[in-house]
There are 2 protein chains.
Amino acid sequence: MEAVAALQVGIPLRTTAMPRARATLRDVSRAQTLSRAQTQCSACNLLDKCLSADLDTDTTRLLDDLVTTRVRLRKGETLYRAGGSFTALYAIRSGSLKTLLLAEDGREQVAGYHMPGEILGLDGVGNEEHECQAIALEDSEVCVLPFDRVEQIARESAAFQHNVHRYLSREIARQRTLMLLLGTMRADQRLAAFLLDLSQRYQARGYSSSEFILRMTREEIGSYLGLKLETISRLLSRLQQEGLIQVQGRVVKLLERPALRQLVGQSN
Amino acid sequence: MEAVAALQVGIPLRTTAMPRARATLRDVSRAQTLSRAQTQCSACNLLDKCLSADLDTDTTRLLDDLVTTRVRLRKGETLYRAGGSFTALYAIRSGSLKTLLLAEDGREQVAGYHMPGEILGLDGVGNEEHECQAIALEDSEVCVLPFDRVEQIARESAAFQHNVHRYLSREIARQRTLMLLLGTMRADQRLAAFLLDLSQRYQARGYSSSEFILRMTREEIGSYLGLKLETISRLLSRLQQEGLIQVQGRVVKLLERPALRQLVGQSN
DNA sequence: CGACTAGTTGAGGCCAGTCAATGTTGGTGG
DNA sequence: CCACCAACATTGACTGGCCTCAACTAGTCG
């Protein structure tokens with residue numbers, strides 16, 4: 001109960017060596033059990049983005065009772081936290097979340113920014129507990145996919161199994177890209193790459209690819225890119241001054257995409 | 001054939017926008033088909049490190065005809081490369097390999113250093129082709145695990161399936177740690193963390209945890225840690241001067257492990 | 001309105017990169 | 001066995017990019 005209260009306030013929970021809390025669904029404000037009609041994956045408009053891609057109708061039917069719970073999160077609330085026992089994957093239906101990496105010494109870093117259709121919680125499969133914390137950046141809704149059910153269906157359907165593997169693997173690939181970014185790019189290149197990535201992901205979801213809203217603060221973006229907030233701020237200003245983008249608070253407009261790509265591309 | 005020749009020389013293949021080559025087993029010097037007795041996972045001394053952990057005897061038997069091929073690599077040879085079609089996972093039996101990340105613009109970074117008992121190739125599951133290149137750092141031997149067989153067995157055995165998932169997930173966790181390192185640590189902290197990681201992994205394999213041989217050059221270590229070779233060299237000297245380690249070429253001795261841990265731990 | 005959070009911008013410092021010279025090691029062929 | 005070469009490594013001097021510290025502004029919420 002106290003946990004819930006704390007979360008409602010939306011405190012980022014700056015965990016200096018947090019006594020790894022058990023976090024379950026009770027942690028979030030509203031978990032709701034849903035009627036079957038509400039949860040059928042086959043009726044979900046995010047179909048092609050999720051685990052249910054490319055399945056025959058028989059298999060799709062298997063999925064229909066996979067999701068029995070959906071969770072609503074308010075901005076700032078935690079979906080799961082590091083050390084919390086892993087029981088399910090989460091598919092984002094609406095809104096967006098960030099994942100936060102926490103080291104024992106209090107060091108922390110934003111590990112990812114996640115949009116509708118993406119699946120969260122994959123990091124927990126390994127040792128039954130989550131390794132990072134997921135926090136809503138705005139009011140959001142996620143589907144709960146109990147992992148034992150996921151594994152069960154994967155055993156029954158090779159196609160679904162393959163989707164699961166693909167998702168795990170894609171997560172690996174995503175992180176690879178980030179490692180390259182963190183390991184080899186200058187600050188301005190990192191920011192440009194970040195903006196282009198956002199643009200591309202928004203486009204894939206049917207939103208404008210040239211104008212969008214940053215859901216993260218300068219500090220969060222900086223943390224994600226291994227930089228400080230001041231650097232992010234300065235660079236946004238500079239890119240604007242150079243005419244590559246237009247910034248107004250959190251609203252960003254990409255003006256010269258080729259130039260941005262070129263900036264990212266120059267390998268020194 | 002030409003491919004083999006090139007590889008024999010051990011050229012690092014500095015691929016500036018390499019025309020993504022198809023790489024198969026023919027690429028490596030000696031792929032050998034083995035008798036059943038030679039390849040039984042149940043007889044492998046790396047048992048507990050590999051996919052066959054925690055299985056009942058029935059399932060273990062399933063694995064016995066999983067590995068039909070083993071590959072020998074000489075130092076500098078490539079096991080698979082980016083863009084090569086993904087057909088199998090590879091379990092390292094002896095030796096060590098590095099994985100190399102390649103961006104389209106020629107940027108490249110060492111993504112990992114891999115030891116016996118570890119599994120390579122997980123990044124290929126997603127889109128049927130490898131996303132990085134694996135190169136032997138010394139003469140090595142790996143078991144070939146055809147991935148369709150792996151998936152098949154996973155459908156038959158929940159325990160094995162779980163191992164597969166665990167492995168994929170662990171890879172994600174490993175990269176997470178690296179991201180934290182690249183995103184938040186100073187150069188000396190990165191190097192200390194690297195040395196401690198090696199130490200711990202050598203220990204887990206029954207080798208000395210306080211004295212070991214670096215199988216990578218300063219340049220490769222630097223690339224792995226997002227630093228330059230000169231920085232690595234300087235830092236190794238400095239850590240030696242401070243009495244924390246002892247370095248002699250590639251032979252490293254950890255003298256003050258607590259101090260190293262403390263160095264890594266201080267979050268600023 | 002005051003308190004607070006998020007963001008911008010400037011001045012100065014330091015850490016790691018760059019460039020360059022030199023030393024060391026290991027493999028190869030005469 | 002030694003000479004030679006190439007790859008690897010060390011060290012120094014200098015530079016520059018990003019961080020730190022700090023002051024100030026803009027927007028938000030009770």
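Lettering follows sequence order; numbering is per chain, from 1. Reckoned from all heavy atoms, side chains included, excluding hydrogens, waters and symmetry mates.
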Starting from C1' on C:dA21, measure out to CD on B:E230 and report it in whole angstrom.
12 Å

Closest listed nucleotide, where the reference is the side chain of A:S237 and the choices are C:dA16, C:dT9, C:dA20:
C:dT9

Check every atom of C:dA6, D:dT10, C:dA16 against the side chain of A:T217 and return the nucleotide holding the closest atom.
C:dA6

Using a 4.0 Å heavy-atom cut-off across all strands, classify B:S233 as base, sugar-phosphate, or nothing.
base

With a 4.0 Å cut-off on heavy atoms, is A:L227 in touch with a base, just the backbone sugar-phosphate, or nothing at all?
sugar-phosphate

Pair of N/O donor and acceptor under 3.5 Å linking D:dC8 base with B:E220 side chain
no

Sugar-phosphate, base or nothing in reach of A:G226, heavy atoms under 4.0 Å:
sugar-phosphate

In terms of side-chain heavy atoms of A:R218, which of D:dA9, C:dG7, D:dC18 is nearest?
C:dG7

Once you round it to whole Å, what is the distance between P of C:dT8 and CZ of A:R238?
15 Å

Quickly, which of A:R74, A:K75, A:R215, A:R72 forms a salt bridge (Lys or Arg N to Asp or Glu O under 4.0 Å) with A:E138? Name it, please.
A:R215

B:L235 CG to C:dC15 C1': how many Å, rounded?
10 Å

Specify the separation, in whole Å, of atom CD1 of B:I232 and atom P of C:dC15.
16 Å

Base, sugar-phosphate, or nothing: which does B:R250 touch, judged by heavy atoms less than 4.0 Å apart?
sugar-phosphate

Nucleotide of D:dT10, D:dC18, C:dC19 approaching A:T231 most closely (side-chain heavy atoms):
D:dC18

Using atom NZ of A:K228 as one end and atom P of D:dT20 as the other, report the distance to the nearest whole Å.
5 Å

State, yes or no, whether a side-chain contact exists between B:L236 and B:L191 at a heavy-atom distance under 4.5 Å.
yes

Length of the CZ-P vector between B:R190 and C:dA16, whole Å
8 Å

C:dA16 C1' sits how many Å from B:L191 CG, rounded?
14 Å

Figure out the CG/P separation between B:L229 and C:dA20, and round it to whole Å.
15 Å

Classify the side chain of B:R234 and the base of D:dG12 as holding, or not holding, a donor-acceptor pair under 3.5 Å.
yes

Which residue in the set A:Y113, A:Y207, A:Y202 passes ring-ring contact (aromatic ring centres under 6.0 Å, His included) when paired with A:F212?
A:Y202

Under a 4.5 Å cut-off applied to non-hydrogen side-chain atoms, are B:L182 and A:M179 in contact?
yes

With respect to B:L102, which candidate in B:R81, B:E131, B:R107, B:Q133 satisfies the side-chain contact (heavy atoms from CB on, under 4.5 Å) definition?
B:Q133

